[in-house]
Amino acid sequence: MGRMYTPGKGIASSSIPYKRTPPSWLKVTPQEVAEHIVKLARKGMYPSQIGVLLRDTAGIPQVKSVTGSKILRILKKNGIAPEIPEDLYNLIKKAVAVRKHLEKFR
């Protein structure tokens, strides 16, 4: 789909590294990362929030390259995965907000 004010098509985006091994400068063990993930999930954070926090504060670029499994699978293994998927939860939350807005301003 073309863009309105520029001649380009706009398909540029970031992509994950091809190399699936953890970076050589990363000195944390997979067990430490898994414990950190479980601790953050017990505080009430969702998997996407945990990934962003690990990337920004702990310097862990990709959890899967370090631990060998994704954040949600680590949470399922420890029995603390959310009941409904995160994307479905956000859609429900948005629908409730829209319905509340319509009731207020109709």
Side-chain angles (χ1 to χ4, degrees):
M1 181 176 163
R3 299 290 173 244
M4 192 179 286
Y5 300 113
T6 60
K9 296 279 196 270
I11 59 168
S13 65
S14 62
S15 59
I16 61 171
Y18 177 73
K19 195 167 82 170
R20 291 187 173 94
T21 58
S24 59
W25 46 264
L26 193 63
K27 302 298 179 198
V28 291
T29 63
Q31 292 81 19
E32 291 174 352
V33 175
E35 289 171 6
H36 201 62
I37 290 170
V38 169
K39 185 176 76 171
L40 292 172
R42 290 193 197 280
K43 286 184 179 179
M45 296 179 82
Y46 283 97
S48 63
Q49 294 172 324
I50 293 171
V52 168
L53 191 78
L54 289 176
R55 183 197 66 201
D56 293 344
T57 60
I60 299 168
Q62 290 287 321
V63 171
K64 187 177 178 186
S65 68
V66 177
T67 61
S69 58
K70 297 180 180 182
I71 295 174
L72 190 60
R73 290 192 181 157
I74 292 171
L75 295 179
K76 283 182 183 177
K77 191 170 81 173
N78 288 299
I80 52 174
E83 303 89 38
I84 60 173
E86 185 179 2
D87 52 353
L88 182 61
Y89 172 76
N90 289 331
L91 286 172
I92 292 169
K93 195 165 105 174
K94 190 175 218 174
V96 167
V98 167
R99 186 164 292 186
K100 184 178 172 184
H101 173 79
L102 286 174
E103 287 174 5
K104 186 176 179 183
F105 293 106
R106 235 182 212 177

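Just so it is clear, the model here is predicted, and its values are computed rather than measured.
Between Q62 atom CD and K70 atom NZ the span is 10.0 Å, to the nearest 0.5 Å. Residue L40 holds its CG atom at 5.5 Å from CD1 of I50, rounded to the nearest 0.5 Å. Between atom CD of residue E35 and atom OG1 of residue T29 there is a gap of 7.5 Å, rounded to the nearest 0.5 Å. Separating the CD atom in Q31 from the OG1 atom in T67 is a distance of 10.0 Å, to the nearest 0.5 Å. Rounded to the nearest 0.5 Å, atoms CG (L88) and CD1 (I92) are 4.0 Å apart. Atom NE2 of residue H101 and atom CZ of residue R106 lie 10.0 Å apart, to the nearest 0.5 angstrom.
By the criterion of side-chain heavy atoms lying less than 4.5 angstrom apart, applied directly or through intervening Ile, Leu, Val, Met, Phe, Trp or Tyr residues, L53 is not grouped with L72; the two fall into different hydrophobic clusters. When hydrophobic clusters are built by joining Ile, Leu, Val, Met, Phe, Trp and Tyr residues whose side-chain heavy atoms come closer than 4.5 Å, directly or via intermediates, W25 is grouped together with V63. In the hydrophobic clustering of this structure, V33 groups with I80; members are Ile, Leu, Val, Met, Phe, Trp, Tyr whose side-chain heavy atoms approach within less than 4.5 Å, directly or through other members. The hydrophobic clustering, which links ILVMFWY residues whose side-chain heavy atoms are closer than 4.5 Å, places I71 and Y46 apart.
Closest heavy-atom contact between V28 and V66: O-CG1, 4.4 Å. What you find for K27 and S24 is that their closest heavy atoms are NZ-O, 3.2 Å. Shown here for P23 and P61, the closest heavy-atom pair between the two residues is CG-CG, 3.7 Å.
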Dump the intermediate steps for side chain to side chain contact (heavy atoms under 4.5 Å, CB included) on V52 and Q49, then the final yes or no.
-> CA-CA 5 Å; V52 168; Q49 294 172 324; 5.8 Å; no

